[in-house]
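Report on the following structure.
Below, chain A is the first sequence line, B the second, and so on; all start at residue 1. The figures here come from the full heavy-atom set of this structure, side chains too, leaving out hydrogens, waters and symmetry mates. Quick caveat, the model's predicted, so the values are computed rather than measured.
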There are 2 protein chains.
Amino acid sequence: MQNVDEILKIKNVKNTAIRTIVLRHLLKQDKAQSLKDIENSLIETDRSSIFRTLKTFVENKIIHSIEDGSGMTKYAVCAIDCNCELKDLHYHFYCNNCNKTFCLHEVPFKKIKLPENFKIQEANMVIKGLCNNCNK
Amino acid sequence: MQNVDEILKIKNVKNTAIRTIVLRHLLKQDKAQSLKDIENSLIETDRSSIFRTLKTFVENKIIHSIEDGSGMTKYAVCAIDCNCELKDLHYHFYCNNCNKTFCLHEVPFKKIKLPENFKIQEANMVIKGLCNNCNK
DNA sequence: ATAATCTTTGCAATTGAGTTGCACTATAAA
DNA sequence: TTTATAGTGCAACTCAATTGCAAAGATTAT
Ligand SMILES: [Mn+2]
Ligand SMILES: [Mn+2]
Ligand SMILES: [Zn+2]
Ligand SMILES: [Zn+2]
C-alpha cells in the first residue's frame, strides 16, 4: 500500500488528521467508496468534513469519482501519476448482485473514435453485470 | 420519426395520454432529457406522472437512462429492437461546455475483454469533453 | 348495462445524497 | 505575540427522486 503522507505531498495537499484518516481508509478498500460508506466506517468523523476532504482530493487528483447509477457517487484512489484526464482512463465494473464498484485497472482502455470535432476530456465508464464472485 | 403508438404496441405498454405526450416529446429531442427537462417542456403534466411514465418506459425498454454525472438522470429513446442489454450498447457524450448529453449511436461499441468470470449485462458509458458545437 | 376490479393519474408529503453558512479551532505568516 | 489563512463540526438547507393516497379512468366479470 502506498504511503499517505507521500501521496499528499506529491499532490500538494496539506496533511491533516481527517485527510490522513480518509486517504488511509480509501487505500485499504477493494471497492469504490461512497460518502456514506466512509461515514459508516469512520464513525468519529463528521460527514461534511469527509465530504470536503473528498472534494479536495478530487480537485487535486488524489482520487476520482465514479457515477455508477446507484444514486451515490463513488470514490477510488487514482494512480499516483494520474492527472484524471487522458491518462489513467479506465473502465469500472458495477456488480448488479453484490453492488460493489471496482476500478478495472488491468483492462486496457480502448481509444474511442469520436465524431468529427468532438474532444474527449474525461470519461465515466461503468460496465454493469456480475463480478467474478457473483457469477457462479 | 417513429410512430408513438407503434412503439408502445411493440413494447407491450398500454397507450395513455401522458405516455403518448412523453414519448412523442422524447422522440423529438436531439439530446437526452432529464425529468426536469421534460417537466419544463410539458408544463401541463404532473412531475410524478412523468416520473412513473419514465420508469415504465425504462422497465419496458422503450427508453434507457444515462448517468452523466450532472446530478440528474437523463433519458433517451432506445433503438426499436433494443433489449437494453447486450444489444444497443453505445457510448454517450456529455459536453462540459453546453451540458448536453447525446447518444453516440454512430460510434461502434468496442467489445471489452473483462477479467475472468466477469459477465457484462449492461453499461453506462459516458465520455466527457467538448461537443462539435463547443469545440471551436 | 352495472358492478367489481385493476390501472393510471394528480397532488402533497417525504426521503436522502449532497451541499452550505457559520462559528470555532488549528496552523502558518508577519 | 498578533494577525491572517485554512480546516473542522454542527446544524440547516437544497433539490432530484420517490412514495402514499385518494380520485379518475379503463378493463373484466356478472
Ligand atoms: Mn477508477
Ligand atoms: Mn443512449
Ligand atoms: Zn458481485
Ligand atoms: Zn457542447
Given DNA chain C, 5'-ward residue of the pair B:R19 and B:D46, judged by closest heavy atom: B:R19
Can you give me every donor-acceptor pair (side chain of residues 66-75 of chain A, partner residue at least two apart or in another chain, under 3.5 Å) with its distance?
from	atom 1	to	atom 2	distance (Å)
A:E67	OE2	A:T73	OG1	3.2
A:D68	OD1	A:S70	N	2.9
A:D68	OD1	A:S70	OG	2.7
A:D68	OD2	A:K74	NZ	2.8
A:D68	OD2	A:T101	OG1	2.6
A:S70	OG	A:M72	N	3.3
A:S70	OG	A:M72	O	3.3

Counting the atoms with a prime plus P, OP1 and OP2 as sugar-phosphate, which does B:R47 contact under 4.0 Å by heavy atoms, base, sugar-phosphate, or nothing? base
Atom CG of A:D37 and atom P of C:dG18: how far apart are they, to the nearest Å? 10 Å
Do the rings of B:H90 and B:H64 sit parallel, tilted or perpendicular, given the 30° and 60° boundaries? perpendicular
Starting from C1' on D:dG25, measure out to CG on B:N15 and report it in whole angstrom. 14 Å
note: B:M72, atom CE; D:dT14, atom C1'; distance rounded to Å ~ 13 Å
Under 4.5 Å between side-chain heavy atoms, hopping through other hydrophobics if needed: is there a path connecting A:V4 to A:I21? yes
Would you tell me whether B:N135 and A:N117 have side-chain atoms, one donor and one acceptor, within less than 3.5 Å of each other? no
Go nucleotide by nucleotide along DNA chain D from the 5' end; which of B:G71 and A:I18 gets its closest nucleotide reached first? A:I18
With a cut-off of less than 4.0 Å, is there a side-chain N or O of A:T73 near OP1 or OP2 of C:dA17? no
Under 4.0 angstrom, heavy atoms only, what part of the nucleic acid is A:S48 near: base, sugar-phosphate, or nothing? base
Starting at atom CZ of A:F57, determine the distance to atom P of D:dG7, rounded to an integer number of angstrom. 11 Å
Are OP1 or OP2 of D:dT8 and a side-chain N or O of A:T16 less than 4.0 angstrom apart? yes
Give the rounded distance in Å between these two atoms: CD1 of A:I50 and C1' of C:dG18. 13 Å
B:I21 CD1 - C:dT8 P separation (whole Å): 16 Å
Any ring-ring contact (aromatic ring centres under 6.0 Å, His included) involving residues 12-50 of chain A? Give me the pairs, sequence neighbours left out, ordered by first then second residue. none
Check this one for me: any side-chain N or O of A:S49 less than 4.0 Å away from OP1 or OP2 of D:dG9? yes
What integer distance in Å separates B:F51:CZ from C:dT14:C1'? 13 Å
Judged by each residue's nearest nucleotide on DNA chain C, which is more toward the 5′ side, A:R52 or B:T45? B:T45
Which nucleotide in D:dT8, D:dA17, C:dT9 has an atom nearest any side-chain atom of B:T53: C:dT9
To the nearest angstrom, the CD-C1' distance between B:E44 and C:dC11 comes to 15 Å
Using OP1 and OP2 only, check whether a side-chain N or O of B:K14 sits under 4.0 Å from D:dA26. no
